[in-house]
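Every heavy atom of this structure was used, including side-chain atoms; hydrogens, water molecules and symmetry mates were not.
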Amino acid sequence: QVQLVESGGGLVQAGASLRLSCVASGRTFNNYAMGWFRQAPGKDREFVAAISYNAVTTYYGDSVKGRFTISRDNAKNTVTLQMNSLKPEDTAVYYCAARQTGNTYIWAYQYDYWGQGTQVTVSS
């Protein structure tokens with residue numbers, strides 16, 4: 001069992017940056033593929049970014065490509081999402097997700113564990 005705890009959300013103006021963190025419990029974090037998703041009110045959960053267990057491979061949703069960066073520190077059981085040039089349409093609850101094995105995954109059903117989410121609000 002893995003527990004994921006996100007932090008770093010908040011209210012910012014358009015053009016600002018935020019850095020989200022997700023800390024995972026457990027001793028096998030370095031075996032897990034990790035991802036970030038987001039969900040705005042009334043919308044489906046949307047893929048944001050993914051990173052392989054060894055950080056060799058990353059993948060991004062089209063709407064965030066070039067603005068967001070996913071990274072991980074396996075020594076600290078942490079995955080981070082650096083969000084730059086934020087836009088009002090980035091407003092959502094952001095969720096961290098983990099999959100027990102593998103590379104990068106873009107569908108929510110492919111992940112085994114989820115955090116509770118952290119709210120990001122971008123004002124215009």
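- Under a hydrophobic-cluster definition in which Ile, Leu, Val, Met, Phe, Trp and Tyr are linked whenever side-chain heavy atoms come within less than 4.5 Å, directly or via other members, Tyr94 and Val12 are assigned to the same cluster.
- The minimum heavy-atom distance between Phe29 and Val79, with the atom names listed, is CZ-N, 4.2 Å.
- A distance of 12.0 Å separates CH2 of Trp36 from CD1 of Ile51, quoted to the nearest 0.5 Å.
- Of all non-hydrogen atoms in Val2 and Tyr32, the two that sit nearest each other are CG2-OH, 3.1 Å.
- Screening Gln3, Gln1, Arg99 against Tyr113 for a side chain to side chain contact (heavy atoms under 4.5 Å, CB included) leaves a single residue, Gln1.
- In this structure, Ile70 and Thr58 approach most closely via the heavy-atom pair CG2-CG2, 3.8 Å.
- Salt bridge status for Lys87 with Asp90: absent, with no side-chain N to carboxylate O gap under 4.0 Å.
- Under a hydrophobic-cluster definition in which Ile, Leu, Val, Met, Phe, Trp and Tyr are linked whenever side-chain heavy atoms come within less than 4.5 Å, directly or via other members, Leu4 and Phe47 are assigned to different clusters.
- Atom CG of Asn30 and atom CZ of Arg72 lie 7.5 Å apart (nearest 0.5 Å).
- Side-chain contact check for Gln82 and Thr80: no donor-acceptor pair (N or O, by modelled atom type) lies under 3.5 Å.
- Note that CZ of Arg38 is 13.0 Å distant from CZ of Arg45, once rounded to the nearest 0.5 Å.
- Every pair tested for salt bridge (Lys or Arg N to Asp or Glu O under 4.0 Å) that includes a residue from residues 6-15 fails, sequence neighbours excluded, so the list is empty.
- The environment of Gln119 atom CD is dense: over 12 non-hydrogen atoms of other residues, nucleotides or ligands sit within 6.0 angstrom.
- Taking NZ of Lys65 as the start and OH of Tyr59 as the end, the distance is 5.5 Å to the nearest 0.5 Å.
- No cation-pi contact links Arg67 to Tyr60, judged by a cut-off of 6.0 Å to the six-membered ring centre and 45° from its axis.
- The aromatic rings of Tyr111 and Phe37 lie perpendicular to each other, with more than 60° between the two planes, well past the 30° mark.
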message = Under the criterion side chain to side chain contact (heavy atoms under 4.5 Å, CB included), I'd like the reasoning laid out for Phe68 against Leu18: C-alpha separation, chi angles, the key distance, then a yes or no.
response = CA-CA 10 Å; Phe68 290 11; Leu18 275 177; over 6 Å; no
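- To the nearest 0.5 Å, atoms OH (Tyr95) and OG1 (Thr118) are separated by 10.0 Å.
- Hydrophobic clustering (ILVMFWY, side-chain heavy atoms < 4.5 Å, transitive): Tyr105 and Trp114 are in one cluster.
- Taking CE from Met34 and OG from Ser52, the interatomic distance works out to 12.0 Å, rounded to the nearest 0.5 Å.
- Closest non-hydrogen pair, Ser124 versus Ala14, comes out as CA-CB, 4.4 Å.
- In this structure, the side chain of Asp73 does not engage the main chain of Thr78 through any donor-acceptor pair within 3.5 Å.
- In terms of heavy-atom proximity, Thr91 sits nearest to Ala40 at O-CB, 3.7 Å.
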